[in-house]
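Have a look at the structure below, then the notes.
Please read these numbers as outputs of a predicted model, since none were measured by experiment. Counting from 1, the numbers follow the sequence of the chain as shown.
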Amino acid sequence: MPRKQQFSESFQSTKRRDRGSREVFSDEERERYESMRTVFDEIPNDDRPPAGDRWSIWWDSEPLQRGPEPLPDWVITDHGAVDYELGVLKTGKEADVFLVERALPGTDRAVILASKRYRSAEHTQFNRAGDYTVGRAAKRSRDNRAMAKRTTFGLEQAAGRWAAAEFDALKRLYQVGVPVPYPVQVHGTEVLMEFIGHGRTAAPRLAETRPEPGEAESLWEQAAEALRRMTELGFAHGDLSPYNTVVHEGRLIVLDLPQVVDIYANPLGLDFLTRDVENLGSWFANRGIDRALVDDLHAEVLALAARP
């Protein structure tokens with residue numbers, strides 16, 4: 001895919017490429033953006049590549065911090081690759097998603113990725129994290145103590161745990177066929193994953209679509225199968241809804257998995273599973289899907305969860 005030099009009308013760069021560029025953000029927006037900068041933005045100028053915003057961080061991640069084998073053909077692993085930061089795609093309670101183009105200079109090889117960057121716990125707006133993290137624990141007691149005391153180190157560890165949890169969930173779900181973005185790599189508090197969309201335009205959220213009856217039936221069947229497979233793996237999404245699923249080329253894709261819940265280790269696991277089915281099922285029921293199918297799916301996933 002050749003590198004495109006111009007941004008679409010619906011997308012603006014977060015960086016000014018020359019002194020004549022107009023301001024994209026207001027002063028308040030810029031201040032907020034500065035407050036959530038990561039290591040990506042703090043690379044010394046002398047260490048930056050001649051093109052792009054940073055060298056590709058593919059080789060900065062350990063093997064277990066990279067996507068599952070076999071790698072898709074579009075994943076770029078070359079040492080000379082660079083990352084271009086294109087702009088903010090979405091802001092959320094605990095993280096912000098950016099568009100990053102990873103390219104190999106001098107060739108036509110390039111790919112658009114979604115870069116999800118978790119804020120430290122002191123900047124997050126996610127106030128019910130404890131409900132989701134019951135049953136999780138850091139491997140080192142030192143890390144647990146630091147997070148409990150909310151030290152600077154502990155806050156950074158907490159953000160890294162959210163990133164690691166999402167990356168691990170994406171890997172495991174992708175490998176069993178749940179429709180999620182391919183997880184490219186995790187590095188600190190940043191998760192790089194497949195961008196779902198066309199060009200630089202993200203796929204619409206399910207809530208933004210108006211499917212015809214036949215399409216709604218197909219999407220519901222896909223949603224039901226995704227819920228079955230997650231349950232068989234022992235997971236509840238924890239926050240599944242029409243707002244964190246997207247529709248791309250007729251496929252329903254599940255997004256936003258940092259709060260994924262172990263339905264056996266978490267005392268609220270079955271409650272989260274029930275809520276996932278209800279939140280998504282109600283949307284489909286309001287668009288013509290028989291409510292009895294939603295109730296049947298609920299009974300089915302609870303039965304799957306009860307299997308030894």
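- Between Leu113 and Leu192 there is a side-chain heavy-atom pair separated by less than 4.5 Å.
- When all heavy atoms of Pro105 and Ala81 are compared, the pair lying nearest together is CD-CA, 4.4 Å.
- If you take CG on Leu293 and CZ on Arg291, they are separated by 10.5 Å, rounding to the nearest 0.5 Å.
- Between the Gln65 side chain and the Glu62 main chain, a donor and an acceptor come within less than 3.5 Å of each other.
- Annotation: side chain of Glu166 is not in contact with side chain of Gln259 (no heavy-atom distance under 4.5 Å).
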Check: Can you check salt bridge (Lys or Arg N to Asp or Glu O under 4.0 Å) on Asp271 and Arg275, steps first, answer last?
Finding: CA-CA 6 Å; Asp271 293 334; Arg275 190 173 72 178; over 6 Å; no

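- Side chain of Asp276 to backbone of Ala236: no donor-acceptor contact under 3.5 angstrom is found.
- Rounding to the nearest 0.5 angstrom, the gap separating the OG1 atom in Thr245 from the CG atom in Leu252 is 5.0 Å.
- Applying the salt bridge (charged side-chain N to carboxylate O under 4.0 Å, His left out) definition to pairs two or more places apart or across chains, those involving residues 211-225 are Glu225-Arg228, Glu225-Arg229.
- Nearest approach of Pro49 to Val82, heavy atoms of both residues: CB-CG1, 3.6 Å.
- In the hydrophobic cluster analysis, where Ile, Leu, Val, Met, Phe, Trp and Tyr join through side-chain heavy atoms closer than 4.5 angstrom, Leu240 is grouped together with Val247.
- Residues in residues 273-308 take part in these ring-ring contact (aromatic ring centres under 6.0 Å, His included) pairs, two or more places apart or across chains: Trp220-Phe284.
- Ring geometry for Trp74 versus Tyr182: interplanar angle over 60°, hence perpendicular rather than tilted (30 to 60°).
- Asn244 contributes no side-chain N or O that, together with a main-chain N or O of Asp256, makes up a donor-acceptor pair within less than 3.5 Å.
- Separating the CG atom in Leu255 from the CG atom in Asp239 is a distance of 12.0 Å, to the nearest 0.5 Å.
- Interatomic distance, Trp59 CH2 to His187 NE2, rounded to the nearest 0.5 Å: 14.0 Å.
- A 4.5 Å side-chain heavy-atom check between Ser115 and Val97 finds every atom pair outside the cut-off.
- Cation-pi geometry between Arg102 and Tyr84 is not satisfied (NZ or CZ under 6.0 Å from the ring centre, within 45° of the ring normal).
- Considering Lys90, Lys116, Arg119 in turn, Arg119 is the only one that fulfils the side chain to side chain donor-acceptor pair (under 3.5 Å) rule with Asp96.
- Residues Leu104 and Trp55 fall into different hydrophobic clusters, defined by Ile, Leu, Val, Met, Phe, Trp and Tyr side chains chained together at heavy-atom separations under 4.5 Å.
- Between Tyr174 and Met193 the shortest side-chain heavy-atom distance does not fall below 4.5 Å.
- Note that CD of Glu249 is 9.5 Å distant from CD1 of Ile196, once rounded to the nearest 0.5 Å.
- No more than 12 heavy-atom neighbours from other residues, nucleotides or ligands sit within 6.0 angstrom of CZ on Arg251.
- Crowding of Asp73 atom CG: a count of heavy atoms from other residues, nucleotides or ligands under 6.0 Å not exceeding 12.
- Hydrophobic clustering of Ile, Leu, Val, Met, Phe, Trp and Tyr side chains at less than 4.5 Å, counting indirect connections, keeps Leu227 apart from Val246.
- Of the inter-residue distances, the one linking Ile76 atom CD1 with Asp83 atom CG reads 9.0 Å to the nearest 0.5 angstrom.
- With contacts defined as side-chain heavy-atom distances shorter than 4.5 Å, the pair Leu270/Leu302 qualifies.
- Between the side chain of His198 and the backbone N or O of His248, no donor-acceptor pair lies under 3.5 Å.
- In terms of modelled atom types and a separation under 3.5 Å, the side chain of Asp168 and the main chain of Ala165 share no donor-acceptor contact.
- Here the closest heavy-atom approach between residue Arg307 and residue Tyr264 is recorded as O-OH, 4.2 Å.
- No side-chain donor-acceptor contact under 3.5 Å links Ser282 to the backbone of Asn279.
- Here the side chain of Asp262 pairs a donor or acceptor atom with the backbone of Ala265 at under 3.5 angstrom.
- Linking Ile, Leu, Val, Met, Phe, Trp and Tyr residues whenever their side-chain heavy atoms come within less than 4.5 Å places Val75 and Val180 in a single cluster.
- For Glu94 against Pro258, the heavy-atom pair with the smallest separation is OE2-CG, 3.6 Å.
- Between Val111 and Glu101 there is no side-chain heavy-atom pair separated by less than 4.5 Å.
- The closest side-chain heavy-atom distance from Val301 to Leu273 is below 4.5 Å.
- Residue Pro183 forms a side chain to side chain contact (heavy atoms under 4.5 Å, CB included) with just one option from Val191, Leu257, Leu173, Leu170, and that option is Leu170.
- For Arg66 (side chain) and Ser61 (main-chain N/O), a donor-acceptor pair under 3.5 Å exists by modelled atom type.
- Note: the hydrophobic cluster containing Val254 does not contain Ile263 (ILVMFWY, side chain heavy atoms under 4.5 Å, direct or indirect links).
- A pairwise comparison of heavy atoms in Arg205 and Tyr243 identifies CD-O, 3.1 Å as the closest pair.
- Scanning both residues, Thr189 and Gly160, for their nearest heavy atoms gives CG2-N, 3.7 Å.
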* **Asp53 vs Val100, side chain to side chain contact (heavy atoms under 4.5 Å, CB included): CA-CA, chis, key distance, verdict** => CA-CA 10 Å; Asp53 296 299; Val100 170; over 6 Å; no

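- Ser218 and Gln222 share a donor-acceptor pair across their side chains, judged by distance under 3.5 Å alone.
- The main-chain N or O of Leu268 is found under 3.5 Å from a side-chain atom of Asn266 such that the two form a donor-acceptor pair.
- Side-chain contact between Leu99 and Arg200 is present, with heavy atoms from C-beta onward closer than 4.5 Å.
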